[in-house]
Amino acid sequence: MKAFAYVSAPDVATAVRAIATEPHAKFIGGGTNLVDLMREDIERPDTVVDITGIALTEVEELPGGGVRIGALVRNSHLAAHPFIRGRYPVLAQAILTGASGQLRNMATVGGNLLQRTRCPYFYDRAAACNKREPGSGCDAFGGFTRNHTVLGGSESCIATHPSDMCVALAALDAVVEMESVRGVRRIPLVEFHRLPGATPHIETEIAADELITAVELPALPVAAISRYRKVRDRASYAFALVSVAAALEVRDGTVATVRLALGGVGAKPWRAHEAERLLLGAAPTEESFRRAAAAELAPAVAQPHNAFKIELAERTIVATLGQLITDGGAA
């Protein structure tokens with residue numbers, strides 16, 4: 001592992017000053033798999049800024065019923081919090097499917113947002129990877145692609161985004177708050193993660209001198225009846241082949257409100273805008289769910305080993321929405 005300077009930041013002001021003066025700084029507590037990547041010589045920071053002592057560890061109710069989540073809130077604490085369990089159960093469910101209890105006790109909200117792909121070609125330094133070395137190529141093409149993306153990939157990269165939590169946050173209209181010496185900036189989570197395009201090494205909209213300080217959830221009554229469903233190769237601690245975060249409200253026999261996001265299939269947490277558009281005003285039937293799911297997956301591009309993900313995603317959308325009806329989404 002490359003030698004690096006270590007800075008302990010007791011507050012946000014100290015942290016943002018430190019990263020403003022060091023363009024290759026990384027954060028402890030700001031990138032769930034940062035240490036793994038440093039150990040593999042994939043990340044090579046000049047400075048590591050320890051932000052674990054900063055007071056960003058509260059879950060607070062906002063005026064109007066929303067919730068503000070500090071960037072250093074532990075995943076286990078967030079999943080167990082009564083605000084989250086009661087108002088946004090899809091988020092608690094997503095977190096609980098994401099990792100072991102030990103990891104949830106250590107992982108933070110901000111770190112989850114900044115975690116990097118688990119694509120094996122990204123981790124294999126003998127393989128070409130545009131995400132690791134821009135312009136080097138992508139050995140996933142022509143390789144084993146069972147776990148790769150079918151939505152949002154490009155000729156440069158077909159790696160999937162690994163997070164479960166971020167899929168739920170995408171469905172919940174979450175907003176990411178970032179701070180630098182220039183001030184505070186807020187951006188919707190669905191815009192925070194970038195599609196790979198020709199620059200897959202640029203994964204988020206966070207600037208080099210910014211620190212994530214919080215995630216905010218709006219008051220969203222439909223989220224009280226929500227569900228996260230994850231399909232994976234084994235029942236515990238595996239990344240999603242397909243996941244669905246959904247919330248649904250039916251009034252007078254038609255879909256009045258719907259939120260839908262997908263994981264395991266996209267280059268970033270995938271908000272299913274087309275499916276939502278088709279569902280609004282439609283009857284909450286299996287037929288309408290299938291039609292919306294098929295429309296969302298229509299642009300999907302399969303690789304040699306992952307074509308099954310398209311049908312699996314459609315089926316999982318239908319099953320999840322159907323379960324919400326059973327759970328009480330109709331009124």
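For clarity, every value in this text was computed on a predicted model and none was experimentally measured.
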Can you list the steps and then say if Arg39 with Asp36 is a side-chain contact (heavy atoms from CB on, under 4.5 Å)?
CA-CA 5 Å; Arg39 186 179 294 119; Asp36 292 341; 3.2 Å; yes

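- Under the 4.5 Å side-chain criterion, counting only non-hydrogen atoms from C-beta, Pro196 is in contact with Ser154.
- Of the possible donor and acceptor atoms, one in the side chain of Thr21 sits under 3.5 Å from a partner among the backbone N and O of Ala18.
- Put simply, Leu37 and Val48 are part of two different groups of oily side chains (I, L, V, M, F, W, Y) that touch within less than 4.5 Å, one to the next.
- A 4.5 Å side-chain heavy-atom check between Leu72 and Val109 finds every atom pair outside the cut-off.
- Applying the salt bridge (Lys or Arg N to Asp or Glu O under 4.0 Å) criterion to Glu155, with sequence neighbours excluded, gives no partner residue.
- Once rounded to the nearest 0.5 Å, the distance linking CG of Asp139 with CZ of Phe144 reads 15.5 Å.
- Distance alone, capped at 3.5 Å, places no donor-acceptor pair between the Arg146 side chain and the Asn306 backbone.
- Judged purely by atom type and a 3.5 angstrom limit, Lys268 uses its side chain to pair as donor or acceptor with the backbone of His193.
- One distance of note links CG of Leu280 with OG1 of Thr257; it measures 7.0 Å at 0.5 Å rounding.
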Go through the steps to decide whether Leu262 and Val242 satisfy the test side-chain contact (heavy atoms from CB on, under 4.5 Å), and finish with yes or no. CA-CA 7 Å; Leu262 308 178; Val242 169; 5.8 Å; no

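- Contact of the Val176 side chain with the Met178 side chain is registered, since non-hydrogen atoms from C-beta on lie closer than 4.5 Å.
- With Arg132 contributing its side chain and Tyr121 its backbone, the two residues share a donor-acceptor pair below 3.5 Å.
- Distance alone, capped at 3.5 Å, places no donor-acceptor pair between the Ser226 side chain and the Ala247 backbone.
- Counted by atom type alone, Tyr228 and Ser243 present one or more donor-acceptor pairs between their side chains at under 3.5 Å.
- Counting only heavy atoms from C-beta outward, the side chains of Arg74 and Leu78 never approach each other to under 4.5 Å.
- Considering every non-hydrogen atom in both Asp41 and Arg125, the closest pair reads O-NH1, 3.1 Å.
- A salt bridge links Arg277 with Glu274: at least one charged nitrogen is closer than 4.0 Å to a carboxylate oxygen.
- Using the six-membered ring where Trp is involved, Phe83 and His81 have ring planes that are tilted, between 30° and 60° apart.
- Judged purely by atom type and a 3.5 angstrom limit, Glu179 has no side-chain atom pairing as donor or acceptor with the backbone of Leu211.
- At least one side-chain heavy atom of Gln323 sits less than 4.5 Å from a side-chain heavy atom of Arg229.
- There is no path of hydrophobic side-chain contacts, each under 4.5 Å, that joins Phe239 to Ile158.
- Listed here is the closest heavy atom pair of Leu189 and Cys166: CD2-O, 3.5 Å.
- Checking side-chain atoms of Glu216 against main-chain N and O of Arg68 turns up no donor-acceptor pair under 3.5 Å.
- In summary, Arg232 and Asp164 do not engage in a salt bridge, as defined by a charged side-chain N under 4.0 Å from a carboxylate O.
- Using a 4.5 Å heavy-atom threshold, the side chains of His161 and Trp270 count as separate.
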Worksheet item: Going through the checks in order, is the side-chain contact (heavy atoms from CB on, under 4.5 Å) test met by Val67 and Ile69?
Response: CA-CA 6 Å; Val67 174; Ile69 305 164; 3.9 Å; yes

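- Hydrophobic cluster membership differs between Leu113 and Val190, with clusters built from Ile, Leu, Val, Met, Phe, Trp and Tyr side chains linked at under 4.5 angstrom.
- A donor-acceptor pair is defined here as one N or O able to donate and one able to accept, closer than 3.5 Å; such a pair exists between the side chain of Lys309 and the backbone of Asn147.
- Of the inter-residue distances, the one linking Thr204 atom OG1 with Phe192 atom CZ reads 4.0 Å to the nearest 0.5 angstrom.
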List the atom pairs, donor and acceptor, that lie under 3.5 Å between side-chain atoms in residues 53-64 and the rest of the protein, sequence neighbours left out.
from: Glu61; atom 1: OE2; to: Arg87; atom 2: NH1; distance (Å): 3.4
from: Glu61; atom 1: OE2; to: Arg87; atom 2: NH2; distance (Å): 2.8

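- Two residues are said to be in side-chain contact when any heavy atoms from C-beta on lie closer than 4.5 Å; Arg271 and Arg259 meet this criterion.
- The residues Arg44 and Glu133 are annotated as salt-bridged, a charged nitrogen and a carboxylate oxygen being separated by less than 4.0 angstrom.
- Listed here is the closest heavy atom pair of Cys157 and Lys131: SG-CE, 3.7 Å.
- Clustering ILVMFWY residues whenever any of their side-chain heavy atoms sit less than 4.5 angstrom apart, transitively, puts Ile206 in the very cluster that holds Met165.
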Take Ser163 and Asn112, measure what side chain to side chain donor-acceptor pair (under 3.5 Å) needs, and give me the verdict at the end. CA-CA 7 Å; Ser163 176; Asn112 197 301; 2.6 Å; yes

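- Of all the heavy atoms in Ala92 and Ile84, the pair that sits closest is N-CG2, 3.9 Å.
- Taking CG from Leu248 and CD from Glu276, the interatomic distance works out to 10.5 Å, rounded to the nearest 0.5 Å.
- Between the side chains of His305 and Thr145, at least one donor N or O lies within less than 3.5 Å of an accepting N or O.
- A donor-acceptor pair under 3.5 Å is formed between the side chain of Arg118 and the backbone N or O of Arg116.
- Across all their heavy atoms, Asp50 and Thr52 have their closest contact at OD1-OG1, 2.6 Å.
- Taking the side chain as every heavy atom from C-beta outward, Val167 and Val244 never approach each other to under 4.5 Å.
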Apply side-chain contact (heavy atoms from CB on, under 4.5 Å) to Thr149 and Val265, showing your working.
CA-CA 5 Å; Thr149 185; Val265 294; 5.7 Å; no

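- For Glu205 and Arg194, the salt-bridge test passes: some basic side-chain N is under 4.0 Å from an acidic carboxylate O.
- Once rounded to the nearest 0.5 Å, the distance linking CD1 of Ile317 with CG of Leu279 reads 9.0 Å.
- Note on Arg185 versus Glu210: salt bridge recorded, some NZ/NE/NH1/NH2 to OD/OE distance being below 4.0 Å.
- Leu195 and Val301 sit in two unconnected hydrophobic clusters of ILVMFWY residues. Membership requires side-chain heavy atoms under 4.5 Å apart, directly or through other members.
- Nearest heavy atom pair, residue Ala238 against residue Lys230, reads O-NZ, 2.8 Å.
- No donor-acceptor pair closer than 3.5 Å links the side chain of Ser288 to the backbone N or O of Ala282.
- Note that CD1 of Ile187 is 13.0 Å distant from CD of Glu177, once rounded to the nearest 0.5 Å.
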